[in-house]
*Asks:* 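I have a structure here, written as structure tokens, and I will follow up with some questions on it.
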Amino acid sequence: RSLGPDAAKIHTDWLHCLGNLTLTAYNSNMSNASFQEKRDGERGFKKSGLRMNQWIAGKAKWGLKEMQERSAGMVELANLAHASYYLQTL
């Protein structure tokens with residue numbers, strides 16, 4: 001598998017975590033496809049209109065490092081959005 005020798009543990013630990021989740025209307029069709037199929041397919045991330053999927057589409061592979069990067073980025077965006085909202089209420 002593309003996650004390497006620790007694939008089962010990574011899969012279990014990251015399956016429902018923020019860094020490994022995205023929005024798609026085709027989740028049931030993509031569920032167990034390879035990352036390359038999800039990225040390059042007819043309805044893949046490269047063709048998605050969602051910015052969050054475009055970041056994924058720019059990756060050559062999808063593994064622990066990429067999930068950790070994405071999770072940190074999404075948390076940072078959420079913190080910025082929350083701070084912005086809070087400042088607007090003052």
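If you're wondering where the values come from, they're calculated on a predicted model, not measured in any experiment.
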*Asks:* Taking all non-hydrogen atoms of both residues, which atom of Thr24 and which atom of Asn27 are closest, and how far apart?
*Replies:*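 The pair with the smallest heavy-atom distance is CG2-N, 3.7 Å.
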*Asks:* Any salt bridge (Lys or Arg N to Asp or Glu O under 4.0 Å) pairs touching residues 27-41, not counting sequence neighbours?
*Replies:* Asp40-Lys46
*Asks:* Once side chain to side chain contact (heavy atoms under 4.5 Å, CB included) is applied, do any residues pair with Asn29, and if so which ones, sequence neighbours excluded?
*Replies:*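 Side chain to side chain contact (heavy atoms under 4.5 Å, CB included) list for Asn29, sorted by chain: Tyr26, Arg43.
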*Asks:* Applying salt bridge (Lys or Arg N to Asp or Glu O under 4.0 Å), which residue pairs with at least one partner in residues 12-32 are found, sequence neighbours left out?
*Replies:*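 Sorted pair list: Lys9-Asp13.
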*Asks:* Should side-chain heavy atoms under 4.5 Å link Ile, Leu, Val, Met, Phe, Trp and Tyr, which residues sit in the same cluster as Leu21?
*Replies:*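 Grouped by the 4.5 Å side-chain rule, Leu21 forms a cluster of one, so the answer is none.
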*Asks:* Using the side chain to side chain contact (heavy atoms under 4.5 Å, CB included) criterion, which residues pair with Lys59? Sequence neighbours excluded.
*Replies:* Phe35, Trp55, Trp62, Glu66, Glu69
*Asks:* Provide the closest heavy-atom pair for Ile10 versus Leu64 in the form atom of the first, atom of the second, distance.
*Replies:* CD1-CB, 4.1 Å
*Asks:* A side-chain contact here means heavy atoms from C-beta on lying under 4.5 Å apart; do Met67 and Cys17 qualify?
*Replies:* no
*Asks:* Atom CZ in Phe45, atom CD1 in Ile56: separation rounded to 0.5 Å?
*Replies:* 5.0 Å
*Asks:* Who else is in Leu18's hydrophobic cluster (ILVMFWY, side-chain heavy atoms under 4.5 Å, direct or via others)?
*Replies:* Leu23, Leu50, Met52, Met74, Val75
*Asks:* Rounded to the nearest 0.5 Å, what separation is found between the NE2 atom of His82 and the CG atom of Asn79?
*Replies:* 8.0 Å
*Asks:* Could you identify which residues cluster with Leu80, counting Ile, Leu, Val, Met, Phe, Trp and Tyr as linked when any side-chain heavy atoms lie under 4.5 Å apart, either directly or through a chain of such contacts?
*Replies:* none
